[in-house]
Q: 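Before I ask anything, let me first share the structure, which is written out below as structure tokens.
Chain naming here is simple, since letters A, B, ... match the order of the sequence lines and numbering starts at 1 in each. Only this structure's heavy atoms are used, side chains among them; waters, hydrogens and symmetry mates stay out.
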Amino acid sequence: MKILVCISKAPDTTAKIAFTDGNTKFDENGVQFIVNPYDEWYALVRGLELKEANGGTVTVLNVGGAENDPIIRKALAIGADDAVRIDAAATDALSVAKQISNYAKDKGFDLIFLGKETIDYNGSQVGGMVAELMNLPYVSLATKIDVSGDVATVERDIEGGVEVVEVTGALVLSAAKGMAEARIPNMRGIMAARTKPLAVEAGTDVTAVTSIKNFELPPAKSACKLVAADNVEELVSLLHNEAKAI
Amino acid sequence: MSILIYADSSNGKLTKNAFEAANYGAQLAQQTGSSATALVTGTVSGIEELGKYGISKVLHASDATLDSFDPQKITHVIAEAAKSIGADTIIFSHDYSGKSVAPRLAAKLDAGLVSGAIALPNTDGGFVVKKAVFSGKAFAFVEVNSATKIVSVLPNSIEKKIGEGSAAIEAFAVEIPTTNLKVKEVRKESTELSLTEADIVVSAGRGLKGPENWGMIEELAHELGAATACSRPVADIGWRPHHEHVGQTGFAIRPNLYIAIGISGAIQHLAGVNGSKVIVVINTDAEAPFFKAADYGIVGDAFEVVPKLIEAVKKLKAQQ
Ligand SMILES: Cc1cc2nc3c(=O)[nH]c(=O)nc-3n(C[C@H](O)[C@H](O)[C@H](O)COP(=O)(O)OP(=O)(O)OC[C@H]3O[C@@H](n4cnc5c(N)ncnc54)[C@H](O)[C@@H]3O)c2cc1C
Ligand SMILES: Nc1ncnc2c1ncn2[C@@H]1O[C@H](COP(=O)(O)O)[C@@H](O)[C@H]1O
């Protein structure tokens with residue numbers, strides 16, 4: 001089984017969110033970058049589990065510059081066999097999706113895994129776009145996948161429930177919580193990652209169709225109104241009369 | 001400008017999110033002096049209701065093969081509908097269906113997509129849409145430069161404008177492609193309220209000490225007509241089911257009222273709930289970070305406060 005896992009780089013979940021250049025650029029000063037959690041914890045680990053059960057290979061792919069190599073090495077340390085970095089700016093979702101599909105289209109991957117969304121731009125877009133560009137079925141926000149022969153049985157989140165689908169042949173999937181348990185790389189993995197292949201390929205020429213004009217921070221929250229613990233009725237009255245929330 | 005809205009359905013009825021997306025499209029049409037047409041797929045009743053949300057014309061692709069949700073087929077039908085009315089703007093809800101179809105359509109039409117919009121586009125000389133980024137810790141204004149533009153609207157984020165009127169329904173015949181995907185089963189988690197759609201959510205964390213103490217949380221939720229949620233460690237240790245986990249790595253929710261009990265308010269938790277309109281925090285620790293994000297708070301022991309809160313809510317309901 002040939003598995004491709006697309007990984008992106010994201011600011012650490014505790015990073016301070018600030019902007020520079022007149023609120024047009026994310027301030028990377030002092031920010032630590034990680035593998036986007038959905039890509040690492042769920043997509044990559046489930047890919048590795050399927051490979052361990054059925055044989056095959058897991059390749060990780062990132063679209064971006066050389067500054068992304070540390071997060072790619074992290075994915076190799078967790079257990080991916082090899083890595084590819086498409087050396088192109090990740091300008092918007094559609095251009096990233098085009099880079100991924102241009103690379104993947106003639107490689108014969110059985111499964112292409114992505115994360116449910118990136119935790120910085122929260123797009124939830126790239127997976128569906130890759131699927132359409134490659135004319136493959138797409139299962140979004142999948143929480144479970146089992147493979148038997150060339151049939152995959154996948155569960156995905158839907159409003160207030162779960163849908164079970166069966167896909168024959170290759171598919172694209174975006175992984176949400178439930179897919180797998182996060183793995184921590186061990187010393188052997190980290191050592192091995194140093195010598196695993198990380199191929200750098202030139203990107204194709206694509207144009208972005210969306211761009212971020214500027215950012216804005218949410219207005220500061222007004223102070224919390226405290227109610228005494230022995231005066232719970234006051235809270236209910238505030239929620240009813242003032243906030244009109246109950 | 002001509003606007004097409006994909007109005008999704010579940011169990012033969014349009015969803016709350018579908019009406020919201022329709023209303024967003026209708027408001028955008030009014031803003032730009034263009035027309036808004038909705039598209040409904042599969043066997044669905046009550047379609048004329050869309051009229052109240054500002055839609056005068058609905059295309060209905062009623063082929064029963066569209067009853068189960070196959071994003072590849074739906075994408076094809078939407079693209080055909082867009083072509084037939086010459087749509088240059090297509091609207092979705094940023095819900096589970098929207099997330100699986102809107103990106104496909106964007107790739108098919110080579111269109112820019114803004115997902116999770118929280119306001120109408122600014123169409124003064126361009127097309128710029130506001131959305132939340134960094135898990136609600138900031139907003140971005142995204143410009144779309146392609147000829148066709150796609151927007152998916154974050155549920156529960158726009159003010160609805162409801163009026164009178166009934167939508168005219170036109171049958172939309174379209175050939176449906178075959179795919180390699182089959183929907184085998186649809187399981188609703190329970191008959192209870194779905195977490196992502198609930199107006200009120202009662203949530204609890206590690207401060208509750210153990211799963212046996214959730215009775216009062218469920219009772220409070222029941223009295224308020226609320227859904228229940230929890231913090232990540234609580235789901236991870238198995239005190240509560242995984243589908244209740246909210247936060248950066250769980251569900252992101254935006255209810256009108258979020259009541260957090262015995263949850264410290266870690267940044268990753270806040271990332272999933274900071275879109276809530278009103279936040280109430282109950283915590284023994286006055287220094288808990290959650291109070292900084294709260295509108296109302298009680299510094300106190302959940303085991304004393306929650307039973308009293310249940311009584312107070314019952315009393316309020318009895319008065320109404
Ligand atoms: C990458 C990453 C992603 C994460 N994603 C998420 C996520 O999606 N969602 C999430 O929730 N967490 C997430 N976390 C974990 C997060 O950092 C916190 O550890 C977690 O939210 C804490 O859960 P808690 O508030 O229930 O527990 P604690 O932090 O242990 O807080 C318990 C609170 O209960 C209070 N308390 C104790 N006794 C009582 C009582 N009797 N009455 C009232 N209050 C009481 C305490 O004062 C304390 O504030 C993530 C962490 C990482 C690193
Ligand atoms: N630059 C990138 N390189 C490789 N994969 C990416 C990149 N950006 C996003 N992805 C993948 O697409 C998923 C969804 O991203 P998004 O649509 O931006 O929320 C991520 O979880 C990754 O799996």
Q: With a 4.5 angstrom heavy-atom cut-off, is it the side chain or the backbone of A/L136 that approaches chain B, or both, or neither?
A: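 It is the backbone, since no side chain atom gets that close.
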Q: Contact part of A/K221 toward chain B, heavy-atom cut-off under 4.5 Å: side chain, backbone, both or neither?
A: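 Contact with chain B is through the side chain of A/K221 alone.
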Q: Side chain from CB out, backbone as N, CA, C, O: work out which of these in A/I119 comes under 4.5 Å of a heavy atom of chain B, or both, or neither.
A: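 Interface part for A/I119: both.
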Q: So for atom NZ, which belongs to B/K13, do other residues, nucleotides or ligands contribute more than 12 heavy atoms lying within a distance under 6.0 Å?
A: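 It does not: B/K13 NZ has 12 such atoms or fewer within range.
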Q: If a pair satisfies ring-ring contact (aromatic ring centres under 6.0 Å, His included) and one of its residues is in residues 101-150 of chain A, list it, with sequence neighbours excluded.
A: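 Output for this query lists A/Y121-B/F134.
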Q: Heavy-atom count check: over 12 atoms from other residues, nucleotides or ligands less than 6.0 Å from B/K182 NZ?
A: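 For B/K182, atom NZ is not crowded (no more than 12 foreign heavy atoms under 6.0 Å).
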Q: Heavy atoms only, distances under 4.5 angstrom: which of B/G112, B/A271, B/G300 has the most pairs with chain A? Name it, please.
A: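 Among the listed options, the one with the most contacts to chain A is B/G112.
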Q: Within a 6.0 Å radius of atom NZ on B/K317, are there more than 12 heavy atoms belonging to other residues, nucleotides or ligands?
A: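 Yes, because the 6.0 Å sphere around NZ of B/K317 holds more than 12 heavy atoms from other groups.
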Q: Is the CG atom of A/N241 crowded by more than 12 outside heavy atoms at less than 6.0 Å?
A: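 More than 12 within 6.0 Å, yes.
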Q: So what's closer than 4.5 Å to chain A heavy atoms on B/D301: side chain, backbone, both or neither?
A: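 Neither part.
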Q: Pair B/V133, A/F26 - check side-chain contact (heavy atoms from CB on, under 4.5 Å), show working.
A: CA-CA 11 Å; B/V133 287; A/F26 175 57; over 6 Å; no
Q: Using modelled atom types only, decide if a donor and an acceptor are shared between the side chain of B/N256 and the backbone of A/A245 within a distance under 3.5 Å.
A: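 It does not hold such a pair.
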Q: Looking at every heavy atom in both A/G123 and B/S115, which two are closest together, and how far apart are they?
A: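 Closest heavy-atom pair between A/G123 and B/S115: O-OG, 2.7 Å.
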Q: With only heavy atoms counted, which part of A/A131 is less than 4.5 Å from chain B, the side chain, the backbone, both or neither?
A: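 For A/A131, the contact with chain B is made by backbone and side chain together.
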Q: Sequence neighbours left out, what passes salt bridge (Lys or Arg N to Asp or Glu O under 4.0 Å) with B/E304? Give chain and number order.
A: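 Checked B/E304 against salt bridge (Lys or Arg N to Asp or Glu O under 4.0 Å); zero matches.
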Q: Report which part of A/L94 has an atom under 4.5 Å of a heavy atom belonging to chain B: side chain, backbone, both, or neither.
A: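 Side chain only.
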Q: Ignoring hydrogens, what is the shortest heavy-atom contact between A/V164 and B/R187? Give both atom names and the distance.
A: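 Looks like CG2-NH1, 3.9 Å.
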Q: Can you tell me which portion of A/S174 sits under 4.5 Å from chain B's heavy atoms? Options are side chain, backbone, both or neither.
A: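 The answer is neither part of A/S174.
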Q: Strictly below 4.0 Å, N to O, side chains only: are A/E159 and B/K16 in salt-bridge contact?
A: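 Judged by the 4.0 Å cut-off on N to carboxylate O distance, A/E159 and B/K16 do not form a salt bridge.
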Q: Identify the two heavy atoms, one from B/Q72 and one from A/P137, that lie closest to each other, and give their separation to 0.1 Å.
A: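 That closest heavy-atom pairing would be OE1-CA, 3.5 Å.
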Q: What part of A/L235 gets within 4.5 angstrom of chain B, counting heavy atoms only: side chain, backbone, both, or neither?
A: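 A/L235 touches chain B through side-chain heavy atoms alone.
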Q: Heavy-atom distance under 4.5 Å to chain B: side chain of A/V139, backbone, both or neither?
A: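 Side chain of A/V139 only, per the 4.5 Å heavy-atom cut-off to chain B.
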Q: Which value, rounded to the nearest 0.5 Å, describes the distance between B/S100 atom OG and A/R156 atom CZ?
A: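 Answer for the OG-CZ pair, B/S100 versus A/R156, is 4.5 Å.
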Q: Starting at NE2 of A/H240, measure out to CG of B/L316 and round the result to the nearest 0.5 Å.
A: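 The distance works out to 5.0 Å.
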Q: Should the pair B/K308-A/D230 be classified as a salt bridge under the 4.0 Å nitrogen-to-oxygen rule?
A: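 Looking at B/K308 and A/D230, the cut-off is not met.
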Q: As a test of understanding, state which of B/V313, B/I298, B/I310 forms a side chain to side chain contact (heavy atoms under 4.5 Å, CB included) with A/V232.
A: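 Going through B/V313, B/I298, B/I310 one by one, the side chain to side chain contact (heavy atoms under 4.5 Å, CB included) with A/V232 is satisfied by B/I298 alone.
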Q: How far apart are the C-alpha atoms of A/V165 and B/F69, what are their side-chain angles, what is the distance that settles it, and do they pass the side-chain contact (heavy atoms from CB on, under 4.5 Å) test?
A: CA-CA 10 Å; A/V165 301; B/F69 192 82; over 6 Å; no
Q: Under 3.5 Å, side chain of B/K99 to main-chain N/O of A/K116, donor-acceptor pair present?
A: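 Judged by distance alone, no pair lies under 3.5 Å.
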Q: Going by atom types only, do A/T13 and B/Q248 share a side-chain donor-acceptor pair under 3.5 Å?
A: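 No, because no side-chain N or O of A/T13 sits under 3.5 Å from a partner of the opposite role on B/Q248.
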Q: Restricting to non-hydrogen atoms, name the atom on A/S140 and the atom on B/Y96 that form the minimum distance, rounded to 0.1 Å.
A: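 It is OG-O, 4.1 Å.
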Q: Check whether B/Q320 gets within reach of chain A through its side chain, its backbone, both or neither, counting any heavy atom under 4.5 Å.
A: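 For B/Q320, side-chain heavy atoms alone lie under 4.5 Å from chain A.
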Q: Would you mind checking which part of A/N23 comes under 4.5 Å of any heavy atom in chain B, side chain (CB onward), backbone (N, CA, C, O), both or neither?
A: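 For A/N23, neither part sits under 4.5 Å from chain B.
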Q: Of all of A/D92, A/V151, A/V167, A/N122, which one pairs up most often with chain B through heavy atoms under 4.5 Å apart?
A: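 So the answer, after comparing A/D92, A/V151, A/V167, A/N122, is A/N122.
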Q: Does a side chain donor of either A/E242 or B/Y296 reach within less than 3.5 Å of an acceptor in the other side chain?
A: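 There is such a pair (donor and acceptor under 3.5 Å, judged by atom type) between the side chains of A/E242 and B/Y296.
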Q: Only pairs of heavy atoms separated by less than 4.5 Å count here; which of B/A312, B/G297, B/S68, B/A266 has the most with chain A?
A: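 Most heavy-atom pairs under 4.5 Å with chain A: B/G297.
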Q: Against chain B, work out which of A/V126, A/L239, A/N231 has the most heavy-atom pairs shorter than 4.5 Å and name it.
A: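 Most heavy-atom pairs within the cutoff with chain B belong to A/L239.
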Q: Count the heavy-atom pairs under 4.5 Å between each of B/K149, B/E311, B/R232, B/K292 and chain A, then report the option with the highest count.
A: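 Between B/K149, B/E311, B/R232, B/K292, the count favours B/R232.
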Q: Out of curiosity, B/S135 OG to A/E117 CD, how far, rounded to the nearest 0.5 Å?
A: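 Here the interatomic distance stands at 6.5 Å.
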Q: Indicate the atoms forming the closest heavy-atom contact of B/A140 with A/I212, along with that distance.
A: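 Heavy atoms only, the tightest pair is CB-CG2, 4.1 Å.
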Q: Which one, B/L113, B/L257, B/V114, B/L309, leads in non-hydrogen pairs under 4.5 Å with chain A?
A: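 So the answer, after comparing B/L113, B/L257, B/V114, B/L309, is B/L113.
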Q: Does any heavy atom of chain A fall under 4.5 Å from the side chain of B/T179, the backbone, both, or neither of them?
A: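 Neither part; nothing is under 4.5 Å.
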Q: First locate atom CD of A/E155, then atom NZ of B/K184, and finally report the distance between them rounded to the nearest 0.5 Å.
A: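 That separation rounds to 13.0 Å.
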Q: Among A/I246, A/T210, A/L133, A/T207, who wins on heavy-atom pairs under 4.5 Å with chain B?
A: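 Of the candidates given, the most pairs with chain B belong to A/T210.
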Q: Could you pull out the closest heavy-atom pair between B/A138 and A/P218, with the gap in Å?
A: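 Nearest pair, atom of B/A138 first, then A/P218: CA-CD, 3.9 Å.
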Q: CE/A/M129 to CZ/B/R104 distance, rounded to the nearest 0.5 angstrom?
A: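 So the CE of A/M129 and the CZ of B/R104 are separated by 11.5 Å.
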Q: Do other residues, nucleotides or ligands put more than 12 heavy atoms under 6.0 Å from A/N29 CG?
A: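 For A/N29, atom CG is not crowded (no more than 12 foreign heavy atoms under 6.0 Å).
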Q: Measure distances from A/I17 to the heavy atoms of chain B and classify the residue's part below 4.5 Å as side chain, backbone, both or neither.
A: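 Contact with chain B: side chain only.
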Q: Using non-hydrogen atoms and a 4.5 Å limit, figure out which bit of A/A243 sits close to chain B: side chain, backbone, both or neither.
A: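 Contact with chain B is through both the backbone and side chain of A/A243.
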Q: Using heavy-atom distances under 4.5 Å, tell me whether B/A226 contacts chain A through its side chain, its backbone, both, or neither.
A: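 Contact with chain A: none, neither part.
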Q: Nearest 0.5 Å, please: how far is CG in A/N214 from CD in B/E143?
A: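 CG of A/N214 is found 10.5 Å from CD of B/E143.
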